[in-house]
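So the structure is just underneath, and the comments pick up after that.
Computed from a predicted structure; not experimentally measured. We use all heavy atoms of the structure for the numbers below, so side chains are in, but hydrogens, waters and symmetry mates are not. Labels below follow one simple rule: chain letters A, B, ... track the order of the sequence lines, proteins then strands, and each chain is numbered from 1.
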Amino acid sequence: MRLVAGNSYLDSLLAGRPQRPAAFSSPALAWLTQLRANAVDRVGALTVPTTHDEEWRFTDISPLSKLSFQPVRTASPLQAADVERFYLAEATTRLVFVDGGYAPQLSSVARDLGVVVMNLSAAVSAHAAAIAPHLGRHTAFQDNVFAALNTAFLHDGALIVVPRDASVAAPVHLLFIATQKEAASYPRCLVVAESGSTVTVIEDYVALRDVAYFTNAVTEIALADNARVNHIRVQRDSDQAFHIANCAVSLAHASRYQSVSVALGARISRYNLNVRLAAEGAECAVDGLALIGGQQLADTHTLIDHAQPHGVSRQLHKCIVDGAAHAVFNGKIMVRPGAQRTDSSQSSRNLLLTGKARVDTKPQLEIFADDVKCAHGATVGQLDAEEVFYLRSRGLSDAAARNLLTYAFGAEIIDRIPIASLKRRLEQTVLEQTQSN
Amino acid sequence: MIYQDSKTLLEVRGLRATVNGVEILKGIDLTVRSGEVHAIMGPNGSGKSTFAKVLAGHTAYEVTGGEVAFEGKSLFELKPEERARAGVFLAFQYPIEIPGVANSQFLRLAYNTMQAQRGRDELDPLEFDDFVREKMKLLEMNPDFLDRSVNEGFSGGEKKRNEILQMALLEPRLAVLDETDSGLDIDALRVVAGGVNQLANKDNAVLLVTHYQRLLNYIVPDYVHVMESGRIVKTGDKALALELENRGYDWVSVEPRAAAGAAA
Ligand SMILES: Nc1ncnc2c1ncn2[C@@H]1O[C@H](COP(=O)(O)OP(=O)(O)OP(=O)(O)O)[C@@H](O)[C@H]1O
Ligand SMILES: [Mg+2]
């Protein structure tokens, strides 16, 4: 019975899918049409996960299937004035998507950038050579119904191709704005950093209205030899939204991936981040912060896959859980046979602000090589009473002391964001959120 | 200094306190008037820090008896932050580290809280920066300590200086300094003592907890008290500290020393 119910829900989601997007009609793009068709098949074969699935043990996604979501029919006619408060001073290049659809009037791409930054559906013909080896190759949708759904709907999204040895000084801002109730959007991002190139990408999810909608995003990032990618991800969706995202990163020789992801919004959010150190000497730093309250649930699943020797990975994930919220962190570190001299450290630190707040944290080490250095640890706690007392003994009220300490706990992650205006804004948000109680 | 007709700042009567059900303070009596410097000495574990923390309102200690009046008002009716705002300051024996909170931000918050309390203008970050740097100069502190997290990775002596910096900023009516001299080198001791002497005037008072006569050469006490097993067992003038330095505590002890201790 469950299976049938699940499938009919997925069918209802698929029903909103445009049959044959004009952009992909060229025979040269048959591979893309095939990719989408394969994804549709997989959606048909898979079901919406339940808490019986190991990967979804702590995250009950069933509230999603109680609501119906469709891609928007009529795009919201937004003006720059409606959304420019989300713009970042440092980011001169910006792609804006409204309810999943590309909004050229809000986007801005500096000319002579020396880098491809385009709406994916408009770029597929001209940049097929850069896209085809990567699109759908890093995020497996075989067993992942949400990645399959995203791929089935694959259309608008961001394409960033940084040519060999190019270095983009200003960050690229990908801004996803939700405006409509019950809208389903399927953002797709592909970042290809060719050898020796450097780029900073901000993936930013925001809402104009406090309504229920469904964002199902997939991001693929491919780093060639010696490339560097800074990836900042901010999920500040509406508190009623459902946000499910899969990100897959593949690192070639001596490349370096740094990411900071911050989850503030959504009723239920789930972020799967898979980082594969696919060649020798690759490095990644993967940090995260979930700051939630009320009835929110934020689930982060990461996999750092050391497939080759001399890889370095660093991970600090923090959760601040207020109200009756629930945070989940599952951090798997895989060290494959032969990945000698792997140096990996992972730390999960969690702060529960109330008796009803809950966190499930699960570091998972799977090590199949013998000459490796792997450190990991998890802590769950409340604010330190001695720290609170110290601050109060200097005249700060109990609430001010707690706010300051809570803020400091989160600020450690936000400080790692290399974009001053975004950092300031998020620090402000954390300040407001921690002071609201 | 002892002044004629000075006001009573702190009045402690029969103070008893427990921690985890164990009685540590067993009836303390002490009167501190404005202008005075008091030193409290006494063996390890006698309850000096406990007394200091009870005055500051530490929540781990339960007051089980007695009274403490500060400027005529019961301290026990005030929360720790209210005591601080009323002018009670404790320099901790072991100042804790607070990772993630910038020292500059913390100092400014504390300073502005006190300014607001006294009906004076608060300082914005730039103004405060100038102000605090001047104070740090007097204490010969490196301004780099502003950018670090509160006490994080500070050496023992640096933490103590940071406590004195806070005292200098907050200008308390009653400064309780719990072994602020321990762990200070000779130069630091002189600087810290200078900071305390600069603060001391006829309207406030200083309560020094110390093990060493050394500090009392710089900050001359009007009274020296000996604490033992949670009570003040002897009170004298500065000569008492010298005598303790020479003779130890046994001669003032009201309780027989443990047999093992005596044998050793
Ligand atoms: N939280 C606690 N739990 C149990 N015992 C405690 C606690 N805090 C203090 N004590 C005990 O209370 C007694 C007094 O401690 P206190 O720190 O006040 O001594 P002190 O006079 O300051 O000693 P020192 O000169 O070594 O600093 C000690 O025996 C100590 O072990
Ligand atoms: Mg002590």
Side-chain angles (χ1 to χ4, degrees), chain A residues 260 262 287-291 316-320 347-351 353 377 379 381-417 420 423-424 426-435, chain B residues 52-61 78-103 105-118 122 147 149-152 159 162-163 165-167 169-172 174-176 178:
Chain A
V260 179
V262 179
D287 299 315
L289 170 68
L291 170 60
L316 174 59
H317 190 82
K318 288 191 167 186
C319 299
I320 302 174
S347 166
S348 156
R349 298 191 52 206
N350 304 282
L351 186 56
L353 297 178
T379 59
Q382 271 136 33
L383 291 172
D384 185 283
E386 291 296 328
E387 294 182 6
V388 174
F389 176 68
Y390 189 80
L391 296 175
R392 292 178 74 188
S393 80
R394 298 320 186 223
L396 276 68
S397 69
D398 187 52
R402 287 175 187 281
N403 288 341
L404 181 62
L405 294 171
T406 306
Y407 168 75
F409 185 87
E412 185 181 4
I413 299 292
I414 291 174
D415 274 346
R416 298 183 179 192
I417 295 176
K423 191 155 87 178
R424 265 200 310 278
L426 288 173
E427 281 173 349
Q428 194 55 38
T429 309
V430 174
L431 212 55
E432 282 161 16
Q433 207 138 328
T434 53
Q435 281 175 355
Chain B
K53 287 195 255 182
V54 165
L55 291 180
H58 197 295
T59 43
Y61 301 91
L78 303 180
K79 296 175 190 164
E81 58 269 35
E82 292 168 338
R83 299 179 193 199
R85 292 177 205 160
V88 178
F89 177 86
L90 169 59
F92 289 86
Q93 182 176 1
Y94 303 109
I96 56 153
E97 305 190 356
I98 310 186
V101 176
N103 205 24
Q105 187 190 13
F106 160 65
L107 293 172
R108 191 168 62 86
L109 273 172
Y111 177 76
N112 279 340
T113 304
M114 211 57 86
Q115 288 293 97
Q117 176 76 19
R118 291 171 177 162
E122 300 185 18
D147 300 327
S149 291
V150 178
N151 295 329
E152 193 181 28
K159 285 180 183 166
N162 204 35
E163 295 289 287
L165 174 62
Q166 291 166 47
M167 183 196 74
L169 290 170
L170 303 181
E171 299 182 333
L174 175 69
V176 182
D178 190 357

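Note that the CG atom of A/Leu404 and the CZ atom of B/Phe106 stand 9.0 Å from one another [nearest 0.5 Å]. Rounding to the nearest 0.5 Å gives a distance of 4.0 Å between CD1 of B/Ile98 and CG of A/Leu391.
Contact count versus chain A (heavy atoms, under 4.5 Å) is highest, among B/Leu169, B/Ile96, B/Thr59, for B/Ile96. Ranked by non-hydrogen atom pairs under 4.5 Å with chain A, the options B/Lys79, B/Gln117, B/Glu82, B/Gln166 are led by B/Gln166.
The part of B/Ala91 that comes within reach of chain A is its backbone (N, CA, C, O), which places non-hydrogen atoms under 4.5 angstrom from that chain. With a 4.5 Å cut-off on non-hydrogen atoms, A/Phe409 does not touch chain B at all. With a 4.5 angstrom heavy-atom cutoff, A/Asp415 does not touch chain B via any of its atoms. Contacts between B/Pro172 and chain A at a heavy-atom distance below 4.5 Å are absent for every atom of the residue. Proximity to chain A (any heavy atom under 4.5 Å) is shown, for B/Leu109, by both the backbone and the side chain.
Under 4.0 Å is where a charged nitrogen must lie from a carboxylate oxygen, and between B/Glu163 and A/Arg394 at least one such pair does.
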Output, in order, the C-alpha distance, side-chain angles, deciding distance and verdict of side chain to side chain contact (heavy atoms under 4.5 Å, CB included) for A/Glu387 and B/Val101. CA-CA 11 Å; A/Glu387 294 182 6; B/Val101 176; over 6 Å; no
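In this structure, B/Glu81 contributes its side chain and A/Asp398 its backbone to a donor-acceptor pair below 3.5 Å.
Taking every heavy atom of both residues into account, A/Gly395 and B/Ala84 meet most closely at N-CB, 3.5 Å. For the residue pair A/Ala408 and B/Pro99, the shortest heavy atom distance occurs at CB-O, 4.1 Å. Residues A/Ser397 and B/Arg85 come closest through the heavy atom pair N-NH2, 3.4 Å.
No side-chain heavy atom of B/Phe92 sits less than 4.5 Å from a side-chain heavy atom of A/Glu386.
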